[in-house]
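Just so you know, these numbers use all the heavy atoms, side chains as well, and skip hydrogens, waters and symmetry mates. A, B, ... follow the sequence lines: proteins, then strands. Residue 1 opens every chain. Everything quoted here is computed from the prediction, not taken from an experiment.
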Amino acid sequence: MAQVYASMQTSSVRPDVVTYSIIVNGLCKAGRVGDALRMLDGMSRQDSDIRPDVVTLNTVVDGLCKSGQVQEAVAFVEQRMRSVHGCPPNTVTYNCLIDAFCRVGNVSMAYELVGRMENKGVAQNIVTLNTIVGGLCRAGRAGAALEFFREKRTVWTEAKGNAVTYSTLVGAFLHSNNIGMAMALFHEMMTEGHSPDAIMYFTMISGLTQAGRLEDACSMASSLKKAGFKLDAKAYNILIAGFCRKKRLHEAYELLQEMKEVGLQPDVCTYNTLLSGSCKAGDFTAVDELLGKMIDDGCQPSVVTFGTLVHGYCKAGKIDEALRILRSMDESGIHPSTVIYNTLIDFLGKSGDADLAIQLFDEMKEKHVPANVTTFNALLKGLRDKNMPEKAFELMDQMREERCFPDYVTVDVLMEWLPVIGETERLKRFMQQSEHTAAKRGVRDRISAQ
DNA sequence: TTAGGGTTAG
């Protein structure tokens with residue numbers, strides 16, 4: 001970009017304000033807001049023959065907002081736009097600020113800015129509406145978002161709702177498992193004369209599948225096709241995962257076939273999903289076949305593939321086979337993950353092999369695989385079942401040293417164990433230390449977030 | 001120049 005800019009300055013092609021705005025936008029989108037501001041300063045100097053316009057300035061406002069400098073953006077709007085540059089903030093300026101406040105969870109400030117727009121006679125548009133609706137939905141307030149939409153569409157003449165409004169609301173209602181409302185809004189959108197676009201269809205397919213409504217999801221997929229769109233690999237993966245969860249393996253495999261027929265290459269995610277489904281069905285012959293097909297297709301097993309197999313074999317009580325899979329990862333050159341070790345440690349603990357669980361925990365350290373609270377919980381459960389408190393105390397100390405905070409599972413395990421063996425004091429100390437460090441961490445996080 | 005979505009292992 002710098003080269004293009006330099007060559008323009010020496011050639012007969014004269015950059016104008018649009019050129020500069022494009023560069024400022026490029027800098028902002030590349031996360032170089034400081035450079036964008038310097039360029040703006042250059043444009044604002046007395047000897048400059050190109051002055052920034054409202055688009056240049058809005059670009060900078062949005063750049064500041066999206067890089068987390070919301071207060072700086074507000075200061076820029078209040079102190080520089082009109083007085084320095086002679087450009088009063090317009091609809092886009094306010095929309096950028098409103099979005100920024102919504103994203104940090106400050107919806108009331110977003111409302112206040114809407115009020116300020118009204119006072120200053122700056123018109124709201126469809127983006128203003130969708131930004132607030134999106135902000136409320138993101139905050140888990142789908143009902144409030146819908147209410148806001150209903151209220152404003154009668155008042156804001158330029159903002160009556162469009163495909164973005166509806167897909168945002170539908171996504172939020174699906175997410176909160178209010179399928180009926182999502183369906184109703186989907187149909188309302190069509191009644192209002194907006195055709196669902198691909199995003200809307202994918203949102204519906206995903207949400208309905210997640211809710212276990214496979215029939216509805218499939219009929220939505222048919223509508224998508226009738227409307228001239230195509231399912232992509234991700235959409236097939238979603239449906240395949242849905243059928244696998246319902247233990248309808250036959251239909252999942254049919255979708256794999258359909259995927260290939262329409263010329264889509266199943267990816268590692270497709271295979272992992274079907275492997276997981278076949279493991280859960282206990283069909284390890286299908287697992288082996290599928291692994292073969294996967295490799296024939298040139299699809300390399302990933303760490304998730306190994307994790308799926310390890311979990312599948314553990315769940316089927318074949319821990320030796322699961323350990324063999326772990327060992328085979330060395331040859332494949334794929335580094336085992338925390339999840340894989342956690343799975344094995346959990347099942348080893350459950351099958352009464354706490355010693356081997358501890359061995360794997362030591363191996364994690366050698367291999368620099370980080371342990372997390374799930375690792376410690378699995379170990380502690382295994383130790384509780386074998387009543388090995390000394391080792392558990394050691395682990396509790398390690399948790400503290402590694403600043404790994406106990407969760408409700410840790411607390412559950414220790415509360416039903418330590419008091420019984422007369423170690424209530426140690427439990428209390430552990431909880432107090434954890435609360436203390438957690439509180440300190442909370443303070444630190446708040447400081448670094450500012 | 002500003003607004004929306006979806007996949008796999010514990």
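- Of the residues in residues 96-110 of chain A, those with a non-hydrogen atom less than 4.0 angstrom from any atom of DNA chain B are C96(A), R103(A).
- Of the listed residues (T338(A), D407(A), N342(A)), just one forms a side-chain hydrogen bond (donor to acceptor under 3.5 Å, both in side chains) with N372(A), and that residue is N342(A).
- Using a 4.0 Å cut-off between charged side-chain N and carboxylate O, E363(A) and R327(A) make a salt bridge.
- By the 30° and 60° cut-offs, the orientation of the rings of Y313(A) relative to F284(A) is parallel.
- Residue N342(A) is classed as a base contact, given a heavy-atom separation below 4.0 Å to a base.
- Residue contacts for A233(A): at a heavy-atom cut-off of 4.0 Å it reaches no nucleic acid atom on any strand shown.
- No contact: S21(A) has no heavy atom under 4.0 Å from any strand.
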CA sep, side-chain torsions, deciding dist, call: T374(A), N377(A), side-chain hydrogen bond (donor to acceptor under 3.5 Å, both in side chains): CA-CA 5 Å; T374(A) 311; N377(A) 290 344; 5.4 Å; no
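- The existence of a salt bridge linking E147(A) and R150(A) is excluded, since no basic side-chain nitrogen approaches an acidic carboxylate oxygen closer than 4.0 Å.
- Within the 4.0 angstrom heavy-atom criterion, base atoms lie near T374(A).
- One finds no salt bridge joining D297(A) and K293(A) here, because no Lys/Arg side-chain nitrogen approaches an Asp/Glu carboxylate oxygen to under 4.0 Å.
- Within 4.0 Å (heavy atoms only), V303(A) reaches at least one base atom of the nucleic acid.
- Counting non-hydrogen atoms under 4.0 angstrom, K66(A) reaches the backbone sugars and phosphates but no base.
- Counting non-hydrogen atoms under 4.0 angstrom, N372(A) reaches a base of the nucleic acid.
- Contact check of residues 317-332 of chain A against DNA chain B (heavy atom, cut-off under 4.0 Å) returns no residues at all.
- For R384(A) and D412(A), the salt-bridge test fails: no basic side-chain N is under 4.0 Å from an acidic carboxylate O.
- The pair K381(A)-E416(A) does not meet the salt-bridge criterion, since no charged nitrogen lies less than 4.0 angstrom from a carboxylate oxygen.
- Residues E78(A) and R116(A) are paired through a salt bridge, judged by an N-O separation under 4.0 Å between the basic side chain and the carboxylate.
- Below 30°, between 30° and 60°, or above 60°: for Y201(A) and F186(A) the angle between ring planes is above 60°, a perpendicular geometry.
- A salt bridge links R153(A) with E188(A): the distance from a Lys NZ or Arg NE/NH1/NH2 to an Asp or Glu carboxylate oxygen falls below 4.0 Å.
- T343(A) comes within 4.0 angstrom of sugar-phosphate atoms only, judged by non-hydrogen atoms across all strands, and of no base.
- Protein chain A contacts DNA chain B over a range whose 5' and 3' limits, counting nucleotides with an atom under 4.0 angstrom from a non-hydrogen atom, are dT1(B) to dG10(B).
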